[in-house]
Amino acid sequence: MAENGDTAKDFIRAIIEQDLKSGKHKEIVTRFPPEPNGYLHIGHAKSICLNFGIAKDFSGRCHLRFDDTDPSKEETEYIESIKEDVSWLGFDWGKHLYYASDYFEKLYQYAVLLIKDGKAYVDSLSADEIREYRGTLTEPGKDSPHRNRQPEENLDLFQRMRDGEFDDGECVLRAKIDMASPNLNMRDPTLYRIRKLPHPRTDDRWCIYPMYDFAHCLSDAIEGITHSICTLEFEDHRPLYDWILDQLPVPCHPRQIEFARLNLSYTLMSKRKLKNLVDRGSVENWDDPRMPTISGLRRRGYTPEAIRYFCDRIGVAKTNSVVDIALLEHCIRDDLNKRAQRVMAVLKPLKIIIDNYPEDKVELLDAENNPEDPGMGMRKIPFSSVIYIERDDFSENPPPKFFRLAPGREIRLKHAYYIKCKGVEKDPKTGEAVCLYCTYDPETRGGWSADGRKVLGTSHWVSAAHALQAEVRLYNHLFTTPNPADEKDFNTVLNPGSLELFSSCLVEPSLKDAKPGNLYQFLRQGYFYTDQDTAKTGKLTFNRTATLRDTWAKIKKAEGQKNNKPRISS
RNA sequence: UGGGGGAUUGUGUAAUGGUAGCACGGCAGAUUCUGGAUCUGCUUGUGAGGGUUCGAAUCCUUCUCCCCCAGCCA
């Protein structure tokens, strides 16, 4: 799979290349800075691939740094999941694992420096008052009455904040910049707030915590980051990022560059909203296969290769955009087509009795494991007089273009024989077919006919006596609209059919040893991932990763739309 | 009504004054023991107006539309 092959250089790599060429930098250092307040999603994968990818492309390095400055939201569980997801994606931070909390003491000393320089002060206004004093988008703010406290007093107050003498919200440390700035971020932004809360890593050693704007730029500088890549909403923060670094004796001054975050159609890309889906039980958990989280995609059957391939192809730019989820699906199909073992599974079984096949005979037929890769070898599949095919592969009154089994018609059973439908037994109440009576042609063993006659279609099947029971979960888009985030309440556009459960499927016996994580292509149906529940419950359980492209489904859909067209009477 | 960004086909992304290309999707065909895969062809695009130039997606200008910012979140 060609990663970084023919894709053009993005604007960030162009900047970096220039910086290398001009001699501004000799080595490139980037970082991926997640806040451990939720699970990583495919949007983060874009950032991970960008930052680690750049480090790789330019023989530099990329740090994994947790931005853990808000103990009210952050948890160790998230730290662990993030590390797992980043390495599962195939990236290695080596010894460069850092935490903003590692720098709390340094950060504090930098703040002291700012205070001594008269560039920061302790404000005793309440949060509400600070908001009022900040002004609005169109009106300047006004100075806090505490703005002109002298450095000695500020130093004393700041030390006492650290010592725990004040309660949450009683005071904050603010940068002294410009209350009239048209950029609200520059109107004396808060640098430190009091949070008497234990921190996942520093426990109760601190009760004051630095804000993002203060911690992030300094952490970057401390680590020698050359290019600090973040998303568009931080563009307004860049003047503050630069201001702080300009005031302090830092080892270097990284360049912040912003790019557009990823949006994907038919899903959400916000940790807050995804957490909401988990909390209200709309999905099972963060790793529900319907979730766009890395862990959800993993459990859905996505491979790191496919995700990296996807991230490589969506590009990097500053335009807000929504990528068609069909591209993600294309990427996983492209990967799985080459590597997934083919196997036969019947989701909605329809019984077939082959009248002219000896009742007690069993043949072992040869089947290729992957036509795309002969190296994957062959396997044996048992055939006998009673089999099951897919209910959808039979129609008593076949519509046009239905190339499958019907009364009097002949089809091929994949890898087996040609069979012809001679009779239909129906449920007297519903009229639904419950059993078909067929004959087979012994001359077509393996699925070939010496006389060269064509057959309308090919069906997958399982032998009734040998099939294994399995549960199959078919996943569809989580939302019914392409842009659920645009909705006032995204819960109203949840797709009620995002999960279709089939608990009595029949699969071929070679699946007996399927292990969680194993990937298959169920012939003619799609790609499937062996779920961890297989190990827990002992029942074979498969998650559909993606459907195969399905021309027949498309035809049916088109017909349906044609028939549903309102009649216009003239 | 302040500030910061952005606009190329259905979607995403290239082209940095010189033939608007690629991918996905869609459509049509070939091929096929998966209605899969593969192959071929097609697929109404430079937000609008003015200007500079032999030549403009690209430079200048006016306008329009979209996104972000008033957390003691990141």
Side-chain angles (χ1 to χ4, degrees), chain A residues 6-10 14 33-35 37 67 69-70 72-74 123 125-128 130-132 134-141 168-174 181-187 189-195 208-209 211-213 215-216 230-239 258 260 265 271-272 313-331 333-334 337-338 342 344 368 371-372 401-404 411-416 418 444 446-449 455 457-460 482 521-526 547-555:
Chain A
D6 42 14
T7 48
K9 201 182 292 108
D10 58 74
E35 183 191 10
N37 66 344
D67 228 330
T69 56
D70 183 359
S72 70
K73 291 181 183 158
E74 296 153 5
D123 199 350
L125 252 28
S126 71
D128 284 345
I130 286 181
R131 189 179 319 118
E132 283 163 26
R134 187 157 30 230
T136 68
L137 292 178
T138 52
E139 302 155 24
D168 285 17
E170 251 188 273
C171 47
V172 292
L173 182 73
R174 289 229 260 170
S181 172
N183 180 347
L184 302 227
N185 294 122
M186 299 299 270
R187 316 240 265 229
T190 300
L191 265 23
Y192 270 88
R193 76 289 214 188
I194 299 169
R195 284 266 185 287
I208 57 172
Y209 293 95
M211 298 285 289
Y212 165 85
D213 285 308
H216 202 90
C230 63
T231 44
L232 253 26
E233 67 270 27
F234 291 101
E235 221 153 10
D236 282 344
H237 294 243
R238 187 167 8 108
E258 310 85 10
S265 59
K271 271 194 275 187
R272 204 193 93 249
R313 298 185 57 166
I314 54 177
V316 180
K318 297 193 70 161
T319 317
N320 286 313
S321 60
V322 182
V323 174
D324 193 338
I325 198 165
L327 179 60
L328 214 212
E329 290 165 355
H330 164 80
C331 291
R333 284 192 193 107
D334 186 71
N337 176 47
K338 290 175 226 144
R342 270 58 170 177
M344 293 198 285
E368 58 193 350
E372 302 293 316
K401 294 182 189 167
F402 184 86
F403 304 143
R404 302 179 182 187
I411 61 154
R412 169 172 37 235
L413 293 178
K414 181 78 179 173
H415 305 307
Y418 289 6
T444 57
W448 295 98
S449 170
V455 99
T458 301
S459 277
H460 56 278
Q521 184 196 97
F522 287 3
L523 233 49
R524 304 207 302 136
Q525 307 198 97
T547 58
L548 251 26
R549 279 184 66 229
D550 189 344
T551 317
W552 172 238
K554 226 176 270 176
I555 293 170

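This one's a predicted model, so the numbers in the text were calculated from it and none came from an experiment. Order of the sequence lines sets the chain letters (A, B, ...), proteins ahead of strands, with each chain counted from 1.
- For A:Tyr212 and B:A74, the ring-to-base geometry does not satisfy the stacking test (centroid distance below 5.5 Å, interplanar angle below 30°).
- Rounded to whole angstrom, the span from the NE2 atom of A:His237 across to the C1' atom of B:G71 amounts to 10 Å.
- Taking every heavy atom of both residues into account, A:Ser459 and A:Ile411 meet most closely at OG-CD1, 3.6 Å.
- Nearest approach of A:Arg187 to A:Thr136, heavy atoms of both residues: NH2-O, 2.7 Å.
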Could you please spell out the steps behind the salt bridge (Lys or Arg N to Asp or Glu O under 4.0 Å) verdict for A:Lys73 and A:Glu35? CA-CA 9 Å; A:Lys73 291 181 183 158; A:Glu35 183 191 10; 5.6 Å; no
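- B:C73 atom C1' lies 8 Å from atom CZ of A:Arg195, rounded to whole Å.
- One interatomic measurement links the two molecules: CD1 of A:Ile555 to C1' of B:C27, which rounds to 13 Å at whole-angstrom precision.
- Whole-Å rounding puts the A:Leu232 CG to B:C68 C1' distance at 8 Å.
- Using a 4.0 Å cut-off between charged nitrogen and carboxylate oxygen, A:Arg342 and A:Glu368 do not count as a salt-bridge pair.
- Stems are defined here as 3 or more consecutive Watson-Crick or G-U wobble pairs with pairing distances under 3.5 Å; those involving RNA chain B are B:2-7 with B:64-69, B:10-13 with B:21-24, B:25-30 with B:38-43, B:47-51 with B:59-63.
- Evaluation of atom-type donor-acceptor distances gives a pair under 3.5 Å for the side chain of A:Arg404 against the base of B:G35.
- Rounded to whole Å, the distance from CZ on A:Phe234 to C1' on B:A74 is 5 Å.
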Summarise protein proximity over nucleotides 7-12 of chain B in one line of letters, 5' to 3': B for base, S for sugar-phosphate only, - for none, counting protein heavy atoms closer than 4.0 Å. S---SS
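- Sequence order on RNA chain B of the closest nucleotides to A:His415 and A:Glu372 puts A:His415 first from the 5' end.
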Heavy-atom contacts, protein to nucleotides 40-45 of chain B, under 4.0 Å, summarised as B (base), S (sugar-phosphate only) or - (none) per nt, yield ------
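- Heavy atoms only, all atoms of each residue included: A:Trp448 and A:Tyr418 are closest at C-OH, 4.2 Å.
- The gap from the C1' atom of B:U58 to that of B:G21 amounts to 16 Å, rounded to the nearest Å.
- B:G47 and B:G26: their P atoms are spaced 27 Å apart (whole Å).
- Between the CZ atom of A:Arg131 and the P atom of B:A70 there is a distance of 11 Å, rounded to whole Å.
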